Amino acid sequence: MSGDLLGHQPELTLTEKLWQINWKLILLLTAIASIGWAMLFSAANGNIDPWASRQAVRFGAGICVMILVGLIDLRIWLRLSYPIYGVALVLLIAVEIVGEIGMGAQRWIDLGVIQIQPSEIMKIAIVLALARYFHGASLEEVGRPTFLIAPLLMVLAPVGLVMKQPDLGTALMVMMVGGALFFLVGVRLWKFAIIIAAGGGSVPIAWQFLHDYQKNRVLIFLNPENDPLGAGYHITQSKIALGSGGISGRGFMMGTQSHLNFLPEKQTDFIFTMLAEELGMIGGVCLLLLYTLLMAYGVIISLRCRNQFGRLVGLGVTTNLFLYVFINIAMVMGLIPVVGIPLPLISYGGTAMLTVLFGFGLVMSVYIHRDVRITRRTMAGEM
Amino acid sequence: MERDTDRYRGLTRRALMLGGMQVGLLSTLVARMYYLQVLESDRYSTLADENRINMRLLAPSRGQVLDRFGVPLAVNQQNFRVVMVSEQARKIDRVLTLVSEIVPLTDADWRRITREIQRKRAFVPVTVKDNLSWEQVTMIEVNAPDLPGVSIEVGELRSYPYETSTAHFLGYVGAVSESELNGDPVLALPGFRIGKSGLEKFHDANLRGVAGTSQLEVNAVGRVIRELSREEGQPGRDITLTVDIGLQQYAQDRLKDQKSAAAVVMDVHTGGIYSMASNPSYDPNLFTTGINAETWEDLLSDPATPLTNKVIAGQYAPGSTFKMLVALAALDSGIIGPRHTVHCPGHMDLGDHRFHCWKRGGHGTLDLVGALKHSCDTFFYDLARRIGIDRIHDMGKRFGMGQRTQLDLPSERPGLMPSRDWKQANLGKSWTQGESLIAAIGQGYVLATPLQLAVMLSRMVNGGFAVKPHLTRQVERGPAEQTAWPPMGVNKAHIEMVIQGMNAVMNQPDGTAYKMRITEPGFEMGGKTGTSQVRRITMAERSTGVLKNDQLPWRQRDHALFIGFAPLRAPRYACAVIVEHGGGGSAVAAPIARDLLLEVQRRDSARGASQVSSAEGAPEPSPTVPNTSPRKVGG
């Protein structure tokens, strides 16, 4: 790394930054989003209203946010990491107090102007906070178990709160993003094994402390087939839609399961089913390839970055995207229980879109500021 | 910064491991997709089609029933009903109020409509009112812009244009009952009707047709999106009857004045029935829309049994109409010869019991033709005493007595032709000779339906062929009616003798029914009166003088019977008439038979002006012929 020898930081002007905007990244995101618009157009039986048009507007706004986030210096993000995490955690606690019932669980805070979903903010905040924590950590430090207690708590606190809502899907995602970052910074695998074993072992004990209705919720979560008119019906119809699509699909706007409303939530959580019904396995695999391309590009951008914070943020955001995609598609294909995770950039809805584009704004920032070096000391001093 | 390089190397390695894991997990998604969309695709495609495709049955149009000249007797009428789709109507009450100004709605209608709207999905049409008139249909069509969601639907309703005239043999259709569901899906269609009685029931399989199917695409809540394919069913077959509706109406009308009566006219050669009338009757149209309980109760409790077709289900002692059979049995046995005579002193003694002839003073000495002409009871007592019941039974069976005629109509009754074996088997007692005597004059155990009497007569006058009666001339695309019948092997000369007897009854001035003869040249008839005694005349009553029929309550009066044929020279039509509790056969039943036989010949276009000269002993005005019925003595 030649940069270390120079010993000074290259400061970029705004113009330079604007020139640095990664259009390839934006192009990839737009490509995926436009598949989403097409599917929303189909879901509305060939109308851009009510979904496709609004989704396009949201995407436009989201891209603006993304560029704005990308132009902000990584060091500022580094400095803001803990505050953002703190605010997200406070909001999660607030949601317990003033949160409104929505989607069957407490997830939203109504601020009058906008409704915010603290658990979505947490998906980004946890990445920032852990990246900030591990930015200055040496391999020796990472190897010290006591060093890991603080970040473990940083993960477990929001996971506990989100699970209490209860939004097990998001809790799972936050936990897995945290786990991914632990893995990336080099935590030994046996430590993961211990945590997993401990977690598994504590389940029967924790089970004793749950109320009956809570136990019930967990049971339905684990086995939706017990609820044939609810989640069980959804997943059965989803599998029928997928299967009837075959290799090349029923044709755009020709999916019977989706258009005759046998498929529930076709414009939101189950939009991948509709895509695979109408465009077949070919369409589904193409979409997966686009996502893979986007993730690979995210990994490349991250690894090209010269500072640890940027690398970790980039990889964390990419992992986040992966988790969205994997959990959603595995869910609609009946591989895992229905947990209500949307397909990023494609499912109708603003929150997940904003989360993902905000995250890729950070990736953009990592790209633009890839040569910025942030020393551990400076950083420590700044805190 | 060696450490940072190490750290970077470690991070890169871990990042690639993580990426590899992610690619691995995404591959499982692709594998799952391959499983669902390639391996299991056929199964899921079927399931998807089962989801969206709804098979709907199309009720076939019921076949028509036509008379012998093609006049429709049972038809399908268009039934207009006004329906409303509540989601299109929106302001349901306002729309219904507007509709009710054109089609009056009762409170019960309102309640039913409200209930159905609540129960059914908003896009399912709800029937507002059935059986609209043309004016109402046009009024609703004209006001369509003010009646959102309201439309006219056309259905089919079975209709019987001749109403009471055809009820007894056509029967009627009605809604399918639980026990009639036999797996044929068309039966489960709402509003589907099947034959419940009469020919509608007998020919139900032919009339019903084959249901068509329509494949509809429906969405998750069952709303029909479009029709994918349609396979038209096969309408039911038309049935052509042997009945002449003109004669049928005439017959039914002719019986109108009698409280309870029945008459049948059939072709003696083909067995085809020209008319089958039973009075009182009912309007089968009441049943197609669902009869109300009160009317139904009235029909059931009427002592004149309007729901019974007395031609096939009324069983009566045949009285003197039975005497030809006894004569044939006696001649056939060889025990008496054609010149056999009997002296009638007004009674005959058997053991210590006296059997009376209807004529107190007796008939003097009579031969067979004379005995039939005067309907002398003593003559037939004598025959019965000589030949015994079993010979009578055997001859009766050959002529169709005591067994169903196998008419193409349900609920026919078999009548009764007694014999020694029959009595032993059914009553556990041995036969007595006195019973033979009573049987010889058609009383006692002997029972026959008017149709059986007509068949018996037909088999005599057609030259001894075992004709069987039927109403169906042809089922569409089916074979024509059977018109050739096997000979019965009865001596033609014997038959000629009883025909002579029946000729004498009508056409000789001292015959019992001379006054009721047909005088039109070429249309002359032969026949035989009968009186079926309903009550037993006690010895006490006989000593004080037998009551006249019109002094008795209706239910105790005798049944009047008559069987006749025409034309005399080349018999073609046979007729049997019963007037329940009508008194004597010659007075009440014979005129009806005469009118029917005259009418059927007049309507016969095939009969030209070629006049066959009338029978020998014909039109010579005679002084008086007993107008009151002969009275039989019960044993």
Side-chain angles (χ1 to χ4, degrees), chain A residues 1 4 137-140 142 180 183-187 236-237 239-247 249-250 255-257 259-264 276-277 280-282 284-285 288-289 291-292 295-296 299 302-303 306-308 311-312 315 318-319 322-323 325-326 329-330 333-335 375-376, chain B residues 1-54 121 123 215-228:
Chain A
M1 296 272 154
D4 348 355
S138 64
L139 284 173
E140 290 77 26
V142 171
F183 178 79
L184 285 169
V185 297
V187 174
T236 306
Q237 293 302 333
K239 276 153 82 175
I240 291 174
L242 280 159
S244 66
I247 295 173
R250 295 221 160 196
T256 60
Q257 285 285 101
H259 284 284
L260 300 174
N261 292 331
F262 291 102
L263 183 67
E277 186 194 17
M281 187 175 168
I282 294 172
V285 170
L288 277 182
L289 282 176
Y291 276 124
T292 310
M295 286 183 261
V299 170
S302 304
L303 292 182
R306 292 191 171 216
N307 58 73
Q308 186 76 346
R311 291 172 199 148
L312 288 176
L315 291 171
T318 311
T319 304
F322 166 80
L323 287 171
V325 172
F326 179 78
I329 297 180
M333 290 202 280
L335 286 173
T375 62
R376 272 173 279 167
Chain B
M1 287 259 197
E2 287 300 306
R3 276 177 178 174
D4 201 47
T5 318
D6 289 348
R7 220 165 54 151
Y8 180 71
R9 213 175 281 149
L11 178 73
T12 308
R13 195 170 58 240
R14 284 280 168 110
L16 291 177
M17 281 168 72
L18 189 68
M21 268 152 56
Q22 293 178 351
V23 168
L25 283 169
L26 290 177
S27 303
T28 65
L29 295 184
V30 173
R32 176 70 170 174
M33 241 187 275
Y34 178 77
Y35 170 77
L36 289 173
Q37 301 198 277
V38 178
L39 300 182
E40 294 282 287
S41 180
D42 289 345
R43 188 165 75 88
Y44 284 117
S45 296
T46 312
L47 286 172
D49 284 347
E50 279 174 14
N51 263 346
R52 77 187 173 100
I53 297 174
N54 220 329
R121 291 177 186 275
F123 55 84
Q215 281 197 325
L216 299 174
E217 186 175 71
V218 296
N219 71 5
V221 288
R223 181 200 296 272
V224 175
I225 306 298
R226 67 197 161 117
E227 188 172 60
L228 299 171

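Computed from heavy atoms alone, side chains included, the values below leave out hydrogens, waters and symmetry copies. Labels below follow one simple rule: chain letters A, B, ... track the order of the sequence lines, proteins then strands, and each chain is numbered from 1. A quick note: this is a predicted structure, and the numbers were derived from the prediction, not measured.
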B:I225 atom CD1, neighbour heavy-atom count above 12 within 6.0 Å: yes

Say you draw a straight line from CE of A:M281 to CG of B:L36; how long is it, rounded to the nearest 0.5 Å? 10.0 Å

Please tabulate, one pair per line, all N/O donor-acceptor pairs under 3.5 Å involving side-chain atoms of residues 16-32 of chain B, not counting sequence neighbours.
from, atom 1, to, atom 2, distance (Å)
B:S27, OG, B:V23, O, 2.8
B:T28, OG1, B:L25, O, 2.4
B:R32, NE, A:M333, O, 2.8
B:R32, NH2, A:M333, O, 2.7

Which bit of A:T319 is near chain B, if near means a heavy-atom gap under 4.5 Å: side chain, backbone, both or neither? both

Hey, does the side chain of B:R13 reach the backbone of A:G186 with a donor-acceptor pair shorter than 3.5 angstrom? no

Please report the interatomic distance CD1(A:I282) to CD(B:Q37), rounded to the nearest 0.5 Å. 9.5 Å

Taking A:L303's backbone N and O only, do any of them form a donor-acceptor pair with B:Y8's side chain (distance below 3.5 Å, no angle check)? yes

Between OG of A:S138 and CG of B:D6, what distance do you get to the nearest 0.5 Å? 10.5 Å

Measure the CD1-OH distance between A:I247 and B:Y34 for me, rounded to the nearest 0.5 Å. 7.5 Å

Note: A:N261 and B:A220 closest approach over all heavy atoms is O-CB, 3.1 Å

Say you draw a straight line from CG of B:D49 to CD of A:Q257; how long is it, rounded to the nearest 0.5 Å? 9.0 Å

Can you say whether A:F183 sits under 4.5 Å from chain B via the side chain, the backbone, both, or neither, judging by heavy atoms? both

So which part of B:Y35 gets closer than 4.5 Å to some heavy atom of chain A, the side chain, the backbone, both or neither? neither

What's the spacing between A:L139 CG and B:R9 CZ if we round to 0.5 Å? 11.0 Å

Part of A:L315 lying under 4.5 Å from any heavy atom of chain B: side chain

Note: A:V285 and B:M33 closest approach over all heavy atoms is N-SD, 4.2 Å

Of all the heavy-atom pairs spanning A:G243 and B:S45, show the shortest one and how long it is. O-OG, 4.3 Å

Contacts of B:D42 that satisfy salt bridge (charged side-chain N to carboxylate O under 4.0 Å, His left out) - sequence neighbours left out: none

Which answer fits B:L11, side chain, backbone, both or neither, if we ask what part of it has an atom under 4.5 Å from a heavy atom of chain A? both

Note, A:Q237 side chain near B:N51 side chain (heavy atom, < 4.5 Å): yes

With a 4.5 Å cut-off on heavy-atom pairs, point out which of A:L288, A:T292, A:T318 contacts chain B the most. A:L288

Closest non-hydrogen atom pair, A:G246 against B:S41: CA-OG, 3.6 Å

Walk me through whether A:T256 and B:E217 qualify under side-chain contact (heavy atoms from CB on, under 4.5 Å). CA-CA 9 Å; A:T256 60; B:E217 186 175 71; 4.2 Å; yes

